[in-house]
> 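Got a structure for you, written out below as structure tokens; questions coming shortly.
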Amino acid sequence: MTGKVALVIGASSGLGRQFANALANQGASVAVAARRIAKLEETKAQVEEKGVECIVVPCDVSNEQSIIDCIKTVVDHFGKIDILCNNAGIIAWGGLLESTTADWDRAMATNVTGAYIASRETARYMVEQGSGRIINTASIAAHGGESGSPSYYASKAAIANLTRALACELTPKGINVNAIAPGVFETELTASSLDSPMAKEQMATLPKGRFGLEGELDGILIYFASDASSFCTGQVVYVDGGQTCKM
């Protein structure tokens, strides 16, 4: 992927940081974007160890102008964006009766609307260059629902269908759109809950018998980002240790 430029939104920690490093390992230049600049600087340092260029770009995915400015900054610096990874996400915990409309709006703004705006604005440049890859981060939550966070399950199902809709529109213009749907991986978002009795009970039911490890999403990411996936678009691929086989 030498010569390619990737923008990873939500790269300050967790899967986004792993994605930035995986793309750098394949030779891509990387722009890392999020709100937490100090955390992005840590990601940048890791990426640059791979011998590629990396820039830090502030981006609040709940703010439309911030997204627009972020994408313009990347294009102004590198001249293009070949790969967009929409990875920013939050979980608003609480069942239906405990949750609020503000919880719902915050989850939708971060998990869905931000990805929609970033895809729209990046696609403007990709259409001009006649090529591109948009990779969204869905979740096993797109496959089925459970109690505890209705906004999260709804938002990830929305990402799955947004991926399909964008693929229908953009693929004829040379832009493939796909989504990675991870199972349970230890990240900043999930670490506090993985020692719970419910999590251990869930893990015992997985065909793999464990949760995902760092690096186990790299393969599907690079596949979607590279020419290897030239005929693959509009797909939501579950990387979950077999969990959705049983849902």
Side-chain angles (χ1 to χ4, degrees), residues 1-34 39-57 59 70-71 73-89 115 118-119 122-123 125-126 129-139 159 163 166-167 170-171 173-183 185-187 212-240:
M1 302 183 70
T2 301
K4 301 291 187 182
V5 174
L7 167 59
V8 182
I9 298 178
S12 57
S13 64
L15 299 184
R17 179 174 287 182
Q18 292 177 36
F19 290 169
N21 279 290
L23 291 161
N25 272 329
Q26 299 300 315
S29 300
V30 183
V32 292
K39 288 286 189 179
L40 286 178
E41 291 290 349
E42 294 175 6
T43 303
K44 179 177 184 286
Q46 292 179 5
V47 167
E48 289 180 333
E49 289 177 357
K50 280 76 176 176
V52 302
E53 184 178 3
C54 181
I55 64 169
V56 166
V57 187
C59 184
C70 166
I71 291 162
T73 296
V74 178
V75 173
D76 286 347
H77 183 86
F78 288 110
K80 63 175 182 173
I81 299 174
D82 298 295
I83 303 145
L84 169 66
C85 295
N86 284 313
N87 183 68
S119 298
T122 304
Y125 297 100
M126 289 180 171
Q129 65 197 34
S131 64
R133 297 286 190 270
I134 296 175
I135 305 166
N136 296 320
T137 301
S139 164
I159 282 292
T163 298
L166 295 185
L170 296 176
T171 301
K173 298 176 171 62
I175 304 161
N176 285 5
V177 187
N178 291 288
I180 300 170
F185 284 74
E186 183 173 349
T187 67
L213 304 176
E214 182 173 341
E216 289 189 315
L217 294 173
D218 290 3
I220 190 63
L221 172 73
I222 298 306
Y223 173 67
F224 281 155
S226 71
D227 292 340
S229 62
S230 57
F231 199 59
C232 182
T233 191
Q235 302 306 302
V236 180
V237 175
Y238 294 90
V239 185
D240 61 358

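Only a predicted model underlies this, so the values are computations on that prediction, with no experimental measurement involved.
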> Restricting to non-hydrogen atoms, name the atom on V47 and the atom on N21 that form the minimum distance, rounded to 0.1 Å.
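Taking V47 first and N21 second, the nearest heavy atoms are N-OD1, 3.7 Å.
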> Work out which heavy atom in K50 is nearest to a heavy atom in N25; give both atom names and the distance.
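Closest approach of K50 to N25: CG-OD1, 3.1 Å.
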> Could you tell me if the side chain of T122 sits less than 4.5 Å from the side chain of I134, heavy atoms only?
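No - every pair of side-chain heavy atoms lies 4.5 Å or more apart.
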> To the closest 0.5 Å, what do you measure between CD1 (I222) and OG (S229)?
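The CD1 atom of I222 sits 10.5 Å away from the OG atom of S229.
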> Run L7 and F78 through side chain to side chain contact (heavy atoms under 4.5 Å, CB included) and show every step you take.
CA-CA 11 Å; L7 167 59; F78 288 110; over 6 Å; no
> Hey, does the side chain of T233 reach the backbone of N176 with a donor-acceptor pair shorter than 3.5 angstrom?
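Here the side-chain-to-backbone pair does not exist.
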> Side-chain contact test, heavy atoms from C-beta onward, threshold under 4.5 Å: evaluate it for L23 versus C85 and give yes or no.
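Yes; the side chains approach each other to less than 4.5 Å.
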> Could you tell me whether a side-chain N or O of N87 sits under 3.5 Å from a main-chain N or O of G10, the two making a donor and an acceptor?
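Confirmed, N87 side chain pairs with G10 backbone.
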> Of the non-hydrogen atoms in F185 and L213, which two are nearest, and what is the gap between them?
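For F185 and L213, the tightest heavy-atom pair comes out as CE2-O, 3.4 Å.
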> When rounded to the nearest 0.5 angstrom, what is the spacing between OG1 in T171 and CG in N178?
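Here the rounded value is 8.0 Å.
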> Can you check whether R17's main-chain N or O pairs, donor with acceptor, with T43's side chain at less than 3.5 Å?
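Not a single qualifying donor-acceptor pair exists.
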> Just so I know, are the side chains of I135 and L221 near enough to count as touching, which here means a heavy-atom distance under 4.5 Å?
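Counting from C-beta outward, I135 and L221 do come under 4.5 Å.
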> Check P182 against A138 and note the closest heavy-atom contact, atom names and distance.
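Smallest heavy-atom distance, with atoms named: CD-O, 3.5 Å.
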> Within the structure provided, determine whether I159 and T137 are in side-chain contact (heavy-atom separation under 4.5 Å).
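When only atoms from C-beta onward are counted, T137 and I159 do not touch, as no gap falls below 4.5 Å.
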> Would you say that L170 contacts S119 through its side chain, given a criterion of any heavy-atom pair below 4.5 Å between the two side chains?
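They are not in contact (no side-chain heavy atoms under 4.5 Å apart), so the answer is no.
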> Working to the nearest 0.5 angstrom, can you tell me the gap between I180 CD1 and D240 CG?
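Reported to 0.5 Å precision, the distance equals 13.0 Å.
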> Please name the residue in the list Q46, E48, E41 that meets the side-chain hydrogen bond (donor to acceptor under 3.5 Å, both in side chains) test with K44.
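Checked Q46, E48, E41 against K44; only one passes side-chain hydrogen bond (donor to acceptor under 3.5 Å, both in side chains): E48.
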> Assess the residue pair L217 and F19 against the criterion (side chain to side chain contact (heavy atoms under 4.5 Å, CB included)); give the C-alpha distance rounded to whole Å, side-chain angles, the decisive distance to 0.1 Å, and a yes or no.
CA-CA 8 Å; L217 294 173; F19 290 169; 3.9 Å; yes
> Would you please test L84 and M126 for side chain to side chain contact (heavy atoms under 4.5 Å, CB included) and show each step?
CA-CA 10 Å; L84 169 66; M126 289 180 171; 4.3 Å; yes
> If we only count heavy atoms from C-beta on, is the S12 to L40 side-chain gap below 4.5 Å?
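Of all side-chain heavy-atom pairs linking L40 with S12, at least one is under 4.5 Å.
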> Set out, in order, the CA-CA distance, both residues' side-chain angles and the distance that settles side chain to side chain contact (heavy atoms under 4.5 Å, CB included) for M1 and I83, then state yes or no.
CA-CA 10 Å; M1 302 183 70; I83 303 145; 3.1 Å; yes
> Which heavy atom in A33 sits nearest to a heavy atom in C70, and how many Å separate them?
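Smallest interatomic distance, heavy atoms only, reads CB-SG, 3.8 Å.
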> Is a donor on one side and an acceptor on the other found under 3.5 Å between the side chain of Q129 and the backbone of I81?
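Pair found, side chain donor or acceptor close to backbone of I81.
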> Looking only at heavy atoms, what is the nearest atom pair of V57 and A31, with distance?
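For V57 versus A31, the nearest heavy atoms are CG2-CB, 4.4 Å.
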> If we only count heavy atoms from C-beta on, is the Y125 to I71 side-chain gap below 4.5 Å?
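Answer yes - side chains close enough.
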> Would a 4.5 Å heavy-atom cut-off, applied to side chains only, mark R133 and K4 as touching?
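Counting from C-beta outward, R133 and K4 never come under 4.5 Å.
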